[in-house]
There are 2 protein chains.
Amino acid sequence: MRTLGYAILSLLSREELSGYDLMGRMRERVGFFWSARHSQIYPELAQLEEEGFVTHRLVEQRERPDKKVYEITEYGLAALKEWVIEPPSVRATRDEMTLKAYSIWLADPEEAITLFREQEQKHQEQLQRYREIEAWMKEEWGADLERIDSHHFASYAALRRGIGYESEYAEWCRWVSDSLERGV
Amino acid sequence: MRTLGYAILSLLSREELSGYDLMGRMRERVGFFWSARHSQIYPELAQLEEEGFVTHRLVEQRERPDKKVYEITEYGLAALKEWVIEPPSVRATRDEMTLKAYSIWLADPEEAITLFREQEQKHQEQLQRYREIEAWMKEEWGADLERIDSHHFASYAALRRGIGYESEYAEWCRWVSDSLERGV
DNA sequence: ATTCGATATGTCTGTATTGACATATACATC
DNA sequence: GATGTATATGTCAATACAGACATATCGAAT
């Protein structure tokens, strides 16, 4: 199956969601390591349903347009459980900034410094947002964060990756811009 | 222009290469942050030539099949220099392991531990390879690594990102598997 | 009344990327 | 002579993904 399919199942295993709400959850919860536009999500939901991984029911609403609420099936949950412990499909890491760094010797140092300082700032800001969520999780969920069969633990594990990633990225940007500044 | 086009230009700005040799260089030098199959590289070279960024000449060989050797043009070098200091196009980070971690609460702990230990090992091994290259660079290039207009500095800057990335990834995998083991 | 924004669900086209298919040369080994 | 491997260059089909196009409901504000 498609990784996007599992990303959707991973959200539906926690709560029932409409396509629209799924978009929001995707952005909030798993957006930093998997994302998709609605133009990809709606067809994927249809296919998941065709394959028997999810079902939907129509929910009529008074104050908003009606919606289709999707629920994971037993079969879908079983597929998700299997996928979780399988080795990941080898997928090339692609990072444009590292590629730019590889050609940084051709650049005007001042302009390169500006670029890397800006990027450092962006990753620093994202890191800050994650740290705030981390503080909130610890406050709100407490000891649940250590219960490995709790979805709170799983959320925290993913967040830790976000923190580590942004932290390392910001540090690297700082190292590059500092090196450029020393070399000017 | 396409990022792959710049990846190719970044290699051709350092040396002339045939499509086949470009494949090799791509794998060795920038493979960990940008990669492509030959089925993408050959058409890309043709398009870069059509757009005036590169030119090629035929080189006849005796002990091997003949080849097309590509060279970056002045125009191509100017385009590369501009691209290097431009902010990167926003590209979604996608990481399947983090997505799996988000659903780890559904998994059998023993099997999850195996998965994350294996992944830790893989990233640790890659980190080791990078550290060896780092040692070689320091030995071989010495003070050049601090000359910001030297391509050796740029190579080192990219390598540092690889080291940071793998180091952080391995550490995260270890944290996850240790947490799972404590929780069993 | 109209306009705007949030909610809600879709389709379509183009590009990026992978994996398979396809072909040819030259050397080394069996 | 046959087989395998590295070198060398391509095409083609399918999938993944982004961005644009398209439509409709409902509440709030003008």
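It should be emphasised that the depicted structure is a prediction, and the values quoted were computed from it without experimental measurement. To find a chain, count down the sequence lines: A is the first, B the second, and so on, and within it residues start at 1.
Side chains of A:Q124 and A:Q128: no donor on one and acceptor on the other come within 3.5 Å.
B:K67 has no side-chain polar atom (N or O) that falls below the 4.0 Å cut-off from OP1 or OP2 of C:dT25. The side chain of B:Y20 contributes no N or O atom lying less than 4.0 Å from OP1 or OP2 of D:dT9. Residue A:Q61 places at least one side-chain N or O under 4.0 Å from the OP1 or OP2 atom of C:dA8. Within the structure, every side-chain polar atom (N or O) of B:R37 is placed at least 4.0 Å from both OP1 and OP2 of D:dC12. Note on B:R94: a side-chain N or O is less than 4.0 Å away from OP1 or OP2 of D:dC17.
For A:R25 and A:E15, the salt-bridge test passes: some basic side-chain N is under 4.0 Å from an acidic carboxylate O.
Side-chain contact between B:F116 and B:I104: present, with at least one pair of heavy atoms (C-beta onward) separated by less than 4.5 Å.
Whole-Å rounding puts the B:Y70 OH to D:dG10 P distance at 6 Å. To the nearest angstrom, C1' of D:dG10 lies 9 Å from NZ of B:K68. What separates CD of B:Q47 from P of C:dT17 is a distance of 13 Å, to the nearest Å. Going from atom CD1 of A:I41 over to atom C1' of C:dT9 covers 12 Å, rounded to whole Å. Note: NE2 (A:H38) to P (C:dA6) measures 16 Å, nearest angstrom. The CG atom of B:L17 sits 14 Å away from the C1' atom of D:dA8 (whole-angstrom rounding). Between the OH atom of A:Y42 and the C1' atom of C:dC12 there is a distance of 17 Å, given to the nearest Å. Spacing between atom CG of A:L22 and atom C1' of C:dT9 amounts to 13 Å, rounded to whole angstrom units.
With hydrogens and angles ignored, a donor-acceptor pair under 3.5 angstrom links the side chain of B:S39 to the base of C:dG19.
Each of A:P65 and B:Q40 was assigned the nucleotide of DNA chain C with the nearest heavy atom; the assignment lying further toward the 5' end belongs to A:P65. For the pair B:S18 and A:A36, nearest-nucleotide mapping onto DNA chain D gives the more 5' position to B:S18. Position along DNA chain D of the nearest nucleotide to B:A92 versus B:R64 favours B:R64 as the more 5'-ward residue.
Screening A:Y102, A:W172, A:W175 for a ring pair (Phe, Tyr, Trp, His ring centres under 6.0 Å) involving B:Y156 leaves a single residue, A:W175.
In this structure, B:R161 forms a cation-pi arrangement with A:Y169, its terminal cationic atom sitting closer than 6.0 Å to the ring centre and no more than 45° off the ring axis.
In the set C:dC27, C:dA6, D:dG10, the nucleotide with an atom closest to the side chain of B:E63 is C:dC27.
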